[in-house]
Each structure stands twice: as structure tokens, then as C-alpha cells.
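Everything below concerns the one structure shown next.
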Amino acid sequence: MECIPSQSWLQKITSEDKVLLINPPIQEVRYAWIRWNQPTDLLILSSKLKNEAGCKVELLDFMLPTESGRVPMRDLAKAKEVRTKNIKTTYKARTYGLPLEEATQQLTSILPNWTPTHIVITTMTTYWFETLRPVISYMKTICPSAQVSIMGAYPVYETDHAMRMNADYLITDYFDTAEYCPDFEVYSGEITKFLHNGRTLLFGGLRLSDNSANAIEQIKSLRRQNIRDFVFFESNIFREDCKPLLEMLTALEKEKLSINLHGLCGLEIRNATEGIYTKMLQAGYRSFFLEYDLDNTELNKDSYRRAYLELVKHNSGRISSGNLAGFIMIGTAEDELERLFRHTLNLLEMCGSIIPKPFTPTINSEKYIEVKQKHGLDKLTPHVFPLAVDNGITREEYMEFYQHTSFLNEKRLGQSFDFFDNHYCSVALKRSLGKKGMMI
């Protein structure tokens, strides 16, 4: 195994190479983004490889949603366990993604005609590494001549741990892809489409560039594939006084592109400029999920009030039930149950729907390192509440609170997040909440 910088790795790729990019399945307690998942880093790398190396690139995306719009899911025989002061908490674990056997069966059938020389695997986080070993073992068995590389946050920040995965190369920094758009068209290629049993994209995960032409190019690429639903996977699309977003919205208007946009993340509402929500609605935004906004430990109600007035009161009927929601962050070191319950009711009143967002420490922060050393890298998953030991809230209380907020969440039967089933009590509560409406 060799640890190698991205630029040195790229120099190994020639126009004669055939590169297979893999977005692996994940093992997790729960996975909220079951309807919205796209390996943006791999799609951008595909553009870079095609442009700079001139090689052939295909994609095996285990997390590609099925025709039902959902990432496949199956329960595991084992469960995750966390021990704190001799108290054991057990979490039911699941695997999300296409079954490995099914995917490799498809790959095996095309090998006589197309055999990869390089296989590149990534993970969305540092702690979703558990599926890497079996995926790499399968790949090395059916493609023994291919060089296997791991890229992304896992080998960059957890290099020593990643060295256990039996890859040939660990890419220890990030590729420079600032000038590239995601290669959405790779999904339409004959081989990639065959690997996914004929399935292709259902939505487009966009990258909000400081150059509005870049975003428009991404949208046009997806419209050629008859994609109408889009989401920006960004930490803050309201950055820089909303300038990049405003430029993109203006360009959309000039191009007369009719699309559906979904604000599933990155809506840091204290950064919202006057009129931005109206412009978003006019450009095709259909859902707004507001990031948790606090002044010290209490809700920044002014930010929520501005969002409500512009999205609901002044645009009556423009947002359907469940498409305006407020995130509530749970699992931080400063949590207090009473305050969290109060914020839950406040958000329900102001937004109509609430979405619990379990917290995990920032990669490589002091708290991240502490949790990793105490419990292990895999216990950094936010859904096992790694900071519960610091704030005096038990993991059982967190699970109960999570279920409480999930049950109240009107979005659970919608198109983005699923928390509960269609049993009578869930449906009845949803109808009750819908009749109550939103107040401020």
C-alpha cells in the first residue's frame, strides 16, 4: 500500500486506462438522506479524469435510488454497541445501498468486454468505512489486475486506519476540482447504466459555484436527461450575502429554465438577505429546510419570523404542507432536554414541520479525537450520540427524544425524510397537525 498525494496519483493515469469509480454502501443505525444521495466528489473526479487524462470512466453507485426513489435498505444480523461506565447501549444496524452480490454479478458479466485498470472508492465521512473491506475484497477477486485507490475524508484524516483496508493507494489530500462540473452524464453511459440494471438519475445534486455559468451548465446537463428536481449539497448557500445564489437565480430566469429546486440543507437563515426567499420561490424552489439558528442557547426567532413571513404569509399557497421545516440539532455537548423540547414546540409552531439532526464533532477537532480514542472511529456516527456522556443525557433519552421529534415531523410521509410508517396513529397525527396549520 502506498500513501500518495492526489497530483502524483493523477500522473499515473493515462488515456489508455479504464477507471471504475465506486460509491460504496454504508452501515448505519439510520440514514435520513435515503431519497437524496449522490457522490458529488466522484462525479467531479470523473470530469477531471476525462478532461485531463482522456481516459474512460464508469461508475458503480451502490447508493443510487431505485425506481421507488429510495436507497435499498436491509437489516444486519449484528448491532452497534456503545459502553459507558459499564452501561451498554445497543443500536440496530442496517446496510443501505445495492447488495454487494448483485452489483458484482453485473460487473462480472461485463468484464470480458470492459475490464477496469483502476478502481477508485470514496466514503462520505471518516466513520463510514465498514463496508470498504468487503467491497475491496470483491473487487480484487473479480478484477485482480486493477489498482484499488481510496479517496476522500477517510484516507485524508484517518490515514493509519485506512491502511487496514488492503487498497493499493491511499490518496492523502483532495483533488483540485474547482473548475469542473459533476459528470452527471456518466450515469447514462452504456456500461454504467448496465451496472445499475438500467436505472439512472432521479434528481440532480448541484454544486453552487461562485461562477453562475457553472451552475447553469450543471442544470442544462441534467435537463438533457429529463431531470427536473435539483438540490444543492452545500453547507451554506446563503454565503457572501447570498451573492452566488442570487447570481444563479438571475441566470436561471434569463435562461427560462423551468425546474424544481429543494432547499434540503445549507439554509443558514440568519444570513438570508431581504427578498431572497421570494426570489427562490420564483426561480422554482419547492422546499425549504431551515438550519438550526440559535442566539447563544435560544432560538433566533427573528430569523425564523422573517422566513415565515416571506415564505408563508406573503406567498400564500406557494409552499405545500411539509415543505417548510426547521432542523433541530441534537446530541451536542451543551444539550439540555428541557430546552430541546421547548425548541421542538417552538419550531413546530413556526415552521409546521421539524427534522432532528444528530450532531457529530467536526473532523479532527479536539472533541472528535477524544471520542475516537474513547469509543472508536465507528462510534462517531451521530445516530449513536457520541457526546451523550458529556451532557448527562442518556442515549436512551436521546432515542426517545429522537422518536418524539420524528413523530411530530409532518415530513415523515413526504418525499425527503421518512421516520415512521403508515399506521393509523402516524396518519392521524399528520392530519391533526395539518389542520392546525402554522402560527407565529
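All figures in this text were calculated on a predicted structure; none of them were measured in a lab. Residue numbers start at 1 and run along the sequence shown. Only heavy atoms go into these numbers, but all of them, side chains included; no hydrogens, no water, no symmetry mates.
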Do [X] and [Y] make the cut of ring centroids closer than 6.0 angstrom?
X: F129; Y: Y154; answer: yes
X: F341; Y: F401; answer: yes
X: W128; Y: Y96; answer: no
X: H262; Y: Y285; answer: no

Modelled atom types, side-chain donor and acceptor of [X] and [Y], under 3.5 Å:
X: D183; Y: S47; result: no
X: E158; Y: T126; result: no
X: E334; Y: T297; result: no
X: D241; Y: T273; result: no
X: Y292; Y: H343; result: yes
X: R30; Y: Y402; result: yes

Are [X] and [Y] packed together at the side-chain level, in the sense that at least one heavy-atom pair is separated by less than 4.5 angstrom?
X: I110; Y: L195; result: yes
X: N271; Y: C242; result: no
X: K367; Y: L387; result: yes
X: Y127; Y: T360; result: yes
X: V231; Y: L261; result: no
X: V120; Y: I150; result: no
X: Y31; Y: T95; result: no
X: V384; Y: P358; result: no

Is the backbone N or O of [Y] less than 3.5 Å from a side-chain atom of [X], with the two atoms forming a donor-acceptor pair by type?
X: N391; Y: T332; answer: yes
X: N51; Y: K48; answer: no
X: T344; Y: L340; answer: yes

### Task
Using the test side-chain contact (heavy atoms from CB on, under 4.5 Å), find all partners of L345 that sit at least two apart in sequence or belong to another chain.
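Here no residue qualifies.
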#### Entry: Which residues share a side-chain contact (heavy atoms from CB on, under 4.5 Å) with S212, sequence neighbours left out
E247, A251
### Task
List the steps, then state whether side-chain hydrogen bond (donor to acceptor under 3.5 Å, both in side chains) holds for Q27 with T131.
CA-CA 7 Å; Q27 290 182 10; T131 59; over 6 Å; no
Rounded to the nearest 0.5 Å, what's the gap from [atom1] on [X] to [atom2] on [Y]? Could you check?
X: D293; Y: N300; atom1: CG; atom2: CG; answer: 4.0 Å
X: L347; Y: I354; atom1: CG; atom2: CD1; answer: 7.0 Å
X: L267; Y: S287; atom1: CG; atom2: OG; answer: 8.5 Å
X: S303; Y: E268; atom1: OG; atom2: CD; answer: 10.0 Å
X: C265; Y: N236; atom1: SG; atom2: CG; answer: 10.5 Å
X: E349; Y: K301; atom1: CD; atom2: NZ; answer: 7.5 Å

### Task
Go through D173 and S6 one step at a time and tell me if the side-chain hydrogen bond (donor to acceptor under 3.5 Å, both in side chains) criterion holds.
CA-CA 6 Å; D173 62 357; S6 57; 2.9 Å; yes
### Message
I need the full list of salt bridge (Lys or Arg N to Asp or Glu O under 4.0 Å) pairs touching residues 193-216, with sequence neighbours left out, sorted by first then second residue.
### Response
D210-R239
Restricting to non-hydrogen atoms, name the atom on [X] and the atom on [Y] that form the minimum distance, rounded to 0.1 Å.
X: Y304; Y: C351; result: CD2-SG, 4.0 Å
X: E130; Y: D378; result: OE2-OD2, 3.8 Å
X: P361; Y: Y368; result: CB-N, 3.5 Å

Lys/Arg N to Asp/Glu carboxylate O, [X] vs [Y], below 4.0 Å:
X: E274; Y: R306; result: no
X: E217; Y: K220; result: no
X: D229; Y: R286; result: no
X: R270; Y: E291; result: no
X: E185; Y: R224; result: yes

Under 3.5 Å, sequence neighbours excluded: what are the donor-acceptor pairs made by side chains of residues 54-61?
unit_1 : atom_1 : unit_2 : atom_2 : d
E58    : OE1    : T192   : N      : 3.2
E58    : OE1    : T192   : OG1    : 2.6
D61    : OD1    : N23    : ND2    : 2.8
D61    : OD1    : M63    : N      : 3.0
D61    : OD1    : L64    : N      : 3.4
D61    : OD2    : Y187   : OH     : 2.7

### Task
Tell me, please, which residues at least two apart from F230 pass ring-ring contact (aromatic ring centres under 6.0 Å, His included).
none
#### Entry: Under the ring-ring contact (aromatic ring centres under 6.0 Å, His included) test, residues paired with F175 that sit two or more places apart
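Here the qualifying residues are W9.
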### Query
Run the side-chain contact (heavy atoms from CB on, under 4.5 Å) check on N197 and Q106 step by step: do they pass?
CA-CA 8 Å; N197 290 306; Q106 292 294 103; 3.0 Å; yes
### Message
For E101, is the CD atom crowded, meaning more than 12 foreign heavy atoms sit under 6.0 Å from it?
### Response
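Result for CD/E101: enclosed.
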### Derivation and outcome, side-chain contact (heavy atoms from CB on, under 4.5 Å), residues F359 and I330
CA-CA 6 Å; F359 173 80; I330 61 175; over 6 Å; no
### Message
Pair M248, L252 - check side-chain contact (heavy atoms from CB on, under 4.5 Å), show working.
### Response
CA-CA 6 Å; M248 189 276 295; L252 265 179; 3.5 Å; yes
### Query
Taking the inter-plane angle between the rings of Y174 and Y157 on a 0 to 90° scale, is it parallel (under 30°), tilted (30 to 60°) or perpendicular (over 60°)?
tilted
### Task
Only one of T177, T123, T122 passes side chain to side chain donor-acceptor pair (under 3.5 Å) with D41; say which it is.
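Option passing the side chain to side chain donor-acceptor pair (under 3.5 Å) with D41: T122.
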### Query
Are Y180 and E52 close enough, and set up right, to give a side-chain contact (heavy atoms from CB on, under 4.5 Å), and what steps lead you there?
CA-CA 11 Å; Y180 290 104; E52 297 182 14; 2.8 Å; yes
### Task
May I have the step-by-step check of salt bridge (charged side-chain N to carboxylate O under 4.0 Å, His left out) for E298 and R342, ending in yes or no?
CA-CA 10 Å; E298 293 303 323; R342 185 170 68 252; 2.6 Å; yes
### Task
Check the pair R339 / E336 against salt bridge (charged side-chain N to carboxylate O under 4.0 Å, His left out), numbers first and verdict last.
CA-CA 5 Å; R339 183 171 67 234; E336 293 178 3; 3.3 Å; yes
